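Source: prediction; values computed, not measured.
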Amino acid sequence: MEKKYLDLQYKLSIEARDKLNDNFHKWMTFYYVANAAILVAIVTLCKDKSMNTSILVLSILGVFISMLWNLSCKGYNYWSRNWMNIIIKCEKNIQEFYDKFGVYSIFAKEVAENNNSIWSLNNPANISTPKLTMLLSLTSMIIWIIFAICQFWKQYSFHTSIKVTIVVFFIILIGITYGFILPRLAKSRTNSEHKLFNMNKTRTHD
């Protein structure tokens with residue numbers, strides 16, 4: 001009976017991870033489109049030679065969207081790693097020879113040793129697309145921050161010390177929003193919702 005439930009858990013874990021992957025691509029499309037729309041709007045406004053406060057507002061919006069984008073990537077990797085760990089644990093529990101006949105718990109030695117060259121144009125490499133997307137979103141956020149600061153510096157004729165103070169406050173506000181406010185408001189798992197298990201403690205079943 002336990003073997004039956006282990007098989008079911010294995011199947012449902014794979015389905016959950018596949019669903020997560022599908023949702024990830026949908027979420028990323030939203031952030032791509034949102035960033036592109038802001039960029040198009042800014043380019044359109046830049047045709048007006050006069051300084052436009054709307055550009056500054058849009059650049060700040062770009063910072064916020066890229067911030068959400070990066071945090072979404074982190075959230076995806078959090079759950080993806082969880083499901084992969086569960087799948088591998090299930091494989092070890094339901095298969096006596098999982099090291100030979102596993103699917104998610106094994107990797108082709110030939111690929112790992114002979115097909116992992118970054119500099120070869122025709123060979124694959126051990127690169128994570130979600131991690132690259134996370135890096136891209138972080139880069140996007142940094143570029144929007146720099147652009148917003150440049151627009152603020154160009155559009156307002158405050159004293160330099162006042163500008164510097166506002167810029168420092170802006171950066172601190174971004175850091176607090178990114179590191180504390182949004183992670184608390186958008187937490188995907190609370191401590192009471194799931195039972196934690198130790199991956200190092202696995203059992204094999206006949």
Identify the two heavy atoms, one from Ser59 and one from Ile42, that lie closest to each other, and give their separation to 0.1 Å.
N-CD1, 4.2 Å
Could you report the tightest heavy-atom contact between Ser80 and Leu20, atom names first, then the distance?
N-CD2, 3.4 Å
Between Trp69 and Tyr32, does the ring centroid distance fall short of 6.0 Å?
yes
Do you know which two heavy atoms are closest between Leu196 and Arg189, and how far apart they sit?
CD2-NH1, 4.0 Å
CG of Asn77 to CG of Asn82: how many Å apart, nearest 0.5 Å?
12.0 Å
Minimum heavy-atom distance Ser13-Ile87, with the two atoms named:
CB-CG1, 3.7 Å
ILVMFWY network linking Phe30 to Leu61, side-chain heavy atoms under 4.5 angstrom:
yes
Would a hydrophobic clustering, with Ile, Leu, Val, Met, Phe, Trp and Tyr connected at side-chain separations under 4.5 Å, put Ile172 with Leu182?
yes
Take Asp22 and Trp27, measure what side-chain contact (heavy atoms from CB on, under 4.5 Å) needs, and give me the verdict at the end.
CA-CA 9 Å; Asp22 291 340; Trp27 301 330; over 6 Å; no
Any donor and acceptor pair, going by atom type alone, linking the side chain of Ser72 with main-chain N or O of Leu68 inside 3.5 Å?
yes
I would like to know whether Ile55 and Phe147 meet side-chain contact (heavy atoms from CB on, under 4.5 Å); could you show each step before the answer?
CA-CA 10 Å; Ile55 296 178; Phe147 183 75; 3.8 Å; yes
Could you tell me the separation between the CD1 atom of Ile106 and the CD1 atom of Ile88, rounded to the nearest 0.5 Å?
10.5 Å
Looking at Ser66, is its backbone amide N or carbonyl O close enough to the side chain of Asn70 to form a donor-acceptor pair, meaning the two atoms are under 3.5 Å apart?
no
Working to the nearest 0.5 Å, report the span between CG of Asn23 and NZ of Lys19.
5.0 Å
Count I, L, V, M, F, W, Y as connected when their side-chain heavy atoms are under 4.5 Å apart, and connections chain through other members. Are Ile171 and Ile142 then in the same cluster?
yes
Straight-line distance of Arg81 CZ to Ile86 CD1, nearest 0.5 Å
13.5 Å
Co-membership, hydrophobic cluster, residues Leu173 and Leu56, 4.5 Å side-chain:
no
How long is the gap from OG1 on Thr44 to CG on Leu58, to the nearest 0.5 Å?
10.0 Å
When you compare the side chains of Tyr10 and Glu91, does any donor N or O come within less than 3.5 Å of an acceptor on the partner?
yes
Val57 reachable from Phe170 in the ILVMFWY side-chain graph, under 4.5 Å edges
no
Take Leu185 and Phe180 through the test side-chain contact (heavy atoms from CB on, under 4.5 Å) and record every step on the way to the result.
CA-CA 9 Å; Leu185 293 177; Phe180 298 97; over 6 Å; no
When you compare the side chain of Lys89 with that of Ser105, does any pair of heavy atoms fall below 4.5 Å?
no
Rounded to the nearest 0.5 angstrom, the OG-CD1 distance for Ser157 and Ile162 is 10.0 Å
Please say whether more than 12 non-hydrogen atoms of neighbouring residues, nucleotides or ligands are located less than 6.0 Å from CZ in Phe64.
no
Do the side chain of Ser137 and the main chain of Met134 share a donor and acceptor less than 3.5 angstrom apart?
yes
For the residue pair Tyr76 and Asn21, confirm or rule out a side-chain donor-acceptor distance under 3.5 Å.
yes
Between Trp79 and Ser188, the two heavy atoms sitting closest are NE1-OG, 2.8 Å
Quick one, Trp144 and Asn35 - any side-chain contact, counting heavy atoms below 4.5 Å?
yes
Would you name the heavy atoms of Met141 and Val63 that are closest together and state the gap between them?
CG-O, 4.0 Å
Ring geometry between Tyr156 and Phe152 (parallel below 30°, tilted from 30 to 60°, perpendicular above 60°)
tilted
Flag yes if more than 12 heavy atoms outside Asn123 fall under 6.0 Å of its CG atom; otherwise flag no.
yes
